[in-house]
Amino acid sequence: MDLQPLPQDFFARPATDVAPDLIGMLLVHEHPEGRMVGRVVETEAYTLHDPACHAWSLLDQETGAIRKEGRGAALFGPPGEAYVYLCYGMYWLLNAVTAPEGECGAALVRAVEPLEGVEQMRPRRSAARRTVDLTNGPGKLTQAFDIGEPQHGTMLTERPLFFAKPRKSQDVPLESSPRIGISRATKRKWRWTHAASPFVSR
DNA sequence: AGTATGATTTCCT
DNA sequence: GGAAATCATACTA
């Protein structure tokens with residue numbers, strides 16, 4: 001099965017368009033120990049004018065001036081760049097920088113359905129009793145796929161870590177809902193899931 | 001099945 | 001100092 005990375009154009013759009021479009025796409029990691037593939041079943045969008053976004057604090061609400069330093073500055077990177085962030089001091093979360101060139105935004109990958117390389121994922125996720133628990137959360141899937149700080153800043157449009165269109169892309173039933181684990185802007189329904197998939201987070 | 005808590009690091013209203 | 005885009009475990013009922 002040959003899998004080609006999605007082009008940069010795909011990511012050069014608002015996060016609120018890219019995040020739902022990522023549902024059903026394949027997350028591919030060509031790892032030295034073997035290739036892993038997962039189907040994206042849950043994503044969230046973050047944008048500049050979004051109090052829950054890491055870049056929010058960079059924006060001066062009075063003047064509109066942007067201070068591009070600190071953690072959130074990575075969200076101004078080129079479309080398709082990986083923004084890998086350490087959450088709660090323990091877990092790495094995988095985002096794709098998704099915005100028109102020069103703008104700011106991200107799509108967080110929250111859950112995937114493992115398709116290939118499951119046996120490699122298991123030892124990295126020894127706490128997972130069921131296969132579903134390997135990748136049904138943003139911190140879990142990065143453990144399973146061995147994604148961490150080394151992948152921060154890499155391009156998701158190139159090997160070894162990238163998104164790909166499935167050979168047979170089928171229509172995915174989408175559902176949107178409020179984002180998880182945030183306390184601000186909780187009314188925005190910027191979380192998208194593959195409806196009824198058993199692989200979404202709890 | 002639901003609720004609470006600890007782990008652990010980085011960045012701040 | 002405290003919150004944060006989380007997770008596993010240990011409680012309660």
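All of these numbers come straight from a predicted model, not from anything done at the bench. Letters go in sequence order (proteins before strands), and every chain restarts at 1.
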Counting only side-chain N and O atoms of [X], is one of them less than 4.0 Å from OP1 or OP2 of [N]?
| X | N | answer |
| --- | --- | --- |
| A:S183 | C:dA4 | yes |
| A:H54 | C:dA5 | yes |
| A:R125 | C:dA8 | yes |
| A:S57 | B:dT13 | no |

Check your understanding: Toward the 5' end of DNA chain C, which comes first, A:R184 or A:A127, by nearest nucleotide?
Key -> A:R184

Review point. Taking for each residue the nucleotide of DNA chain C with the nearest heavy atom, is it A:A107 or A:Q143 whose nucleotide lies nearer the 5' end?
Key: A:A107

In this structure, how many angstroms lie between the [atom2] atom of [N] and the [atom1] atom of [X], rounded?
| X | N | atom1 | atom2 | value |
| --- | --- | --- | --- | --- |
| A:Y83 | C:dA5 | OH | P | 9 Å |
| A:E69 | B:dC11 | CD | P | 12 Å |
| A:R191 | C:dT6 | CZ | P | 11 Å |
| A:Y91 | C:dA3 | OH | P | 20 Å |
| A:Y88 | B:dA4 | OH | P | 16 Å |
| A:L93 | C:dC7 | CG | P | 7 Å |
| A:D50 | C:dA5 | CG | P | 10 Å |
| A:M90 | B:dC11 | CE | P | 18 Å |

Practice item. Kindly indicate whether the side chain of A:L48, heavy atoms from C-beta on, has any atom under 4.5 Å from the side chain of A:E103. Key: no

Check your understanding: Just wondering, do A:L22 and A:T98 contact through their side chains at under 4.5 Å, heavy atoms?
Key -> no

Review point. Which residue, A:L86 or A:L58, contacts DNA chain B at a nucleotide closer to its 5' end, judged by nearest heavy atom?
Key: A:L86

**Study point:** Identified pairing partner of C:dA5, criterion: Watson-Crick or G-U wobble below 3.5 Å
**Key:** none

**Study point:** G-U wobble or Watson-Crick pairing nucleotide for B:dT8 (cut-off 3.5 Å, both distances)
**Key:** none

**Study point:** C:dA5 to B:dT3 separation - P atoms, rounded to the nearest Å
**Key:** 22 Å

Practice item. Could you work out the separation of C:dA8 and B:dT10 based on their C1' atoms and round it to a whole Å? Key: 22 Å

Check your understanding: Is it the case that more than 12 heavy atoms not belonging to A:Q61 sit under 6.0 Å from its CD atom?
Key -> yes

Revision key, fill the gap. Taken to the nearest 0.5 Å, the spacing of A:C53 SG from A:L108 CG works out to 11.0 Å

Review point. Base, sugar-phosphate, or nothing: which does A:I182 touch, judged by heavy atoms less than 4.0 Å apart?
Key: sugar-phosphate

Check your understanding: Touch check for A:R110, heavy atoms < 4.0 angstrom, all strands: base, sugar-phosphate only, or nothing?
Key -> sugar-phosphate

Review point. Got a salt bridge between A:E44 and A:R179, using NZ or NE/NH1/NH2 to carboxylate O under 4.0 Å?
Key: no

Exercise for review: Quickly, which of A:H29, A:Q120, A:H31 forms a side-chain hydrogen bond (donor to acceptor under 3.5 Å, both in side chains) with A:D146? Name it, please.
Suggested key: A:H31

